Q: 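After the structure tokens below, expect a handful of questions from me.
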2 protein chains.
Amino acid sequence: MHLRVVLVQPLYEGNVGSVARAMKNFGFHDLVMVNPCRIEDFGLAMASHARDVLQMSHSYTSLSEAISGANLVVGSTGKRLDTAQHHLRLHLRVPCLSPGELAEKLQGMEGTVALLLGREDCGLCSEELALCDMLISIPTSQEYPVMNLSHSAAVLFYELSRKKEQHCSSLEMARRESLDLLAERSRALLHEVRYPRHKVDYTLLMLRRILGRAKLTEREARTLLGLIKNIRWRIEATDSGSAGGKKQQEKDA
Amino acid sequence: MHLRVVLVQPLYEGNVGSVARAMKNFGFHDLVMVNPCRIEDFGLAMASHARDVLQMSHSYTSLSEAISGANLVVGSTGKRLDTAQHHLRLHLRVPCLSPGELAEKLQGMEGTVALLLGREDCGLCSEELALCDMLISIPTSQEYPVMNLSHSAAVLFYELSRKKEQHCSSLEMARRESLDLLAERSRALLHEVRYPRHKVDYTLLMLRRILGRAKLTEREARTLLGLIKNIRWRIEATDSGSAGGKKQQEKDA
């Protein structure tokens, strides 16, 4: 499993440097950023002996570029989202994994996991969360749940690194293209079965999260694609008149 | 279990403030220090909403005063101690626990645990380690094992707090009846779409495994049931002749 750390619009160079240090402490080196602040002397000082991680990092202007090619996109959210921000509720109806649960799910996985860490002041916005296959949250105190960015990062890296050596069996994870195709075909299916329009986005997001949590293999993704194809084909066949339907019935008999 | 965090001669006020913040994030409030640096504006800024932890902290001139009354004294050491400093070897002959092992050992314990965190540059000295009942070390990368003081603190607080409360996923898990119904309706759907008979059992088992791994919520199970109902209804409507299909198309238009 390869971990790509994605800092979305980090505001303080000190935090960026600190995250780089924590990455290297736990054996991770792939850092990408979306519209980051400028990294100058203080950021480099905080990186300490992990300046190389900063120097090798890439910056992008959009999140979709930053996560391109990742097999799994994991978004980290703070508890503060549970209550106040109503527009984010939709995304939090899905179970939010703990770091330990995530580490367990990633056991034996091959491929790239993009771990998204949001802005220091307001985290990831709802559009960014919608791009995530899984959400994780560090269990914190109710009294003061807002962690420093690099502290959250350190805890997550600690969890993700500590089980790395134990895994034995490795199955091929579903490829990004297969997952994207699955999302596209699911949307087409919902359209074809005339699923209530106002529920389409919610249901697609829910499906994505279910499949994300299940950590689909490539084989499973292909089987699901086959199943959807079968359903759509059956609807089209019957739709195009009873002749098509009958022809198929005869073929099957 | 009551945790007392003991910073031994911390050199940088920013780290002290950061440790205070991480303490409060995980529900700990008792901070004591031995000969600390001066805590001024930057330290307070790093503490953010945990200034009260700094304000209530106590400073001592000796470690023995700082750990007075503790039932258990735990010293945290970095990997760097394993190799170079020969005079510290003696103390490392005792098994050095991982944070997770420590958390396990402290389960259900009552009393005060003093957790010692050493200087940023050289950790705890041999006399200080000699006062410890247990040593712990965070497993880090060989390449760069030296963590920032507040990062180590955050990882340790995370481990020590995480079994105290269950995670945010207090969402209603899918009921057994709903999962059984889902299996039954999926089978009916495969039958209706004339899914290749020899693949039916395999695909149903695969679906069950995917949903099982995703640990479905009751709400998600109900949405999936609704989706299947929608698809089956659509197929039946078109199957029962183009009249039904047309009627539905008109209704939708």
Side-chain angles (χ1 to χ4, degrees), chain A residues 18 21-22 24-27 46 48-50 79 82 93-101 137-141 143-148 150-151 154-155 158 161-162 189-190 192-195 203 206 209-211 213-216 220 223 227 230-231 233-235 238-239 241-242 245 248 252, chain B residues 18 21-22 24-27 46 48-50 98-100 138-141 143-148 150-151 154-155 158 161-162 165-169 171 189-190 192-195 203 206 209-211 213-217 219-220 223-224 227 230-231 233-235 238-239 241-242 245 248 252:
Chain A
S18 290
R21 176 171 179 176
K24 196 165 173 182
N25 285 153
F26 291 105
M46 292 307 283
S48 192
H49 294 279
K79 273 212 174 160
D82 299 36
R93 286 273 167 75
V94 300
C96 199
L97 300 182
S98 72
E101 287 168 330
S137 175
I138 299 174
T140 46
S141 149
E143 188 192 5
Y144 186 23
V146 187
M147 289 179 73
N148 168 281
S150 70
H151 287 171
V155 166
Y158 161 75
S161 73
R162 72 188 191 138
L189 175 67
L190 291 192
E192 275 173 39
V193 302
R194 293 174 198 144
Y195 195 77
T203 299
M206 195 202 72
R209 291 285 157 70
I210 292 175
L211 300 182
R213 288 195 329 258
K215 213 179 53 150
L216 227 51
E220 288 169 337
T223 306
L227 175 58
N230 213 303
I231 297 172
W233 176 87
R234 174 82 169 94
I235 291 170
T238 48
D239 248 9
S242 52
Q248 175 57 18
D252 283 347
Chain B
S18 290
R21 177 171 179 175
K24 196 164 170 182
N25 286 153
F26 291 105
M46 293 307 284
S48 195
H49 295 278
S98 72
I138 299 173
T140 46
S141 150
E143 189 191 6
Y144 186 22
V146 187
M147 291 179 72
N148 168 282
S150 71
H151 287 171
V155 166
Y158 161 74
S161 75
R162 76 187 192 137
E165 53 170 311
Q166 279 304 314
H167 193 48
C168 62
S169 41
L171 287 161
L189 175 67
L190 292 193
E192 273 172 39
V193 301
R194 293 172 198 145
Y195 196 76
T203 299
M206 197 202 71
R209 293 276 160 74
I210 292 175
L211 301 182
R213 291 201 318 263
K215 275 200 285 174
L216 228 52
T217 66
R219 189 188 168 87
E220 288 170 337
T223 306
L224 290 180
L227 175 58
N230 214 304
I231 297 172
W233 176 86
R234 173 83 168 95
I235 291 170
T238 48
D239 249 10
S242 51
Q248 175 58 18
D252 283 347

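Note on naming: letters A, B, ... go to the chains in the order of the sequence lines (proteins, then strands), and numbering restarts at 1 for each one. Bear in mind the structure is a predicted one, so any value in this text is a computation, not a measurement.
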Q: Just verifying a value: how many Å separate A:H151 NE2 and B:S18 OG, rounded to the nearest 0.5 Å?
A: 4.5 Å
Q: Which answer fits A:L227, side chain, backbone, both or neither, if we ask what part of it has an atom under 4.5 Å from a heavy atom of chain B?
A: both
Q: Between the main-chain N or O of B:S141 and the side-chain N or O of A:N25, is there a donor-acceptor pair closer than 3.5 Å?
A: no
Q: Could you state the interatomic distance from CE (A:M147) to CZ (B:F26), rounded to the nearest 0.5 Å?
A: 3.5 Å
Q: Among B:H49, B:R21, B:M206, B:E192, which residue has the highest count of heavy-atom pairs closer than 4.5 Å to chain A?
A: B:R21
Q: Of the backbone (N, CA, C, O) and the side chain (C-beta and beyond), which part of B:S98 lies under 4.5 Å from a heavy atom of chain A, both, or neither?
A: neither
Q: To the nearest 0.5 Å, what is the distance between CD1 (B:I210) and CD (A:E220)?
A: 4.0 Å
Q: Given heavy-atom pairs under 4.5 angstrom as the criterion, report whether the side chain, backbone, both or neither of A:L190 touches chain B.
A: side chain
Q: Checking A:S48 now: which residues fulfil side chain to side chain donor-acceptor pair (under 3.5 Å) with it, not counting sequence neighbours?
A: B:Y144
Q: Please report the interatomic distance CG(A:L189) to CG(B:N230), rounded to the nearest 0.5 Å.
A: 9.0 Å
Q: I need the A:T140 OG1 to B:Y158 OH distance, nearest 0.5 Å.
A: 11.5 Å
Q: What residues, two or more places apart in sequence or in another chain, satisfy side chain to side chain donor-acceptor pair (under 3.5 Å) together with B:N148?
A: B:N15, B:S150
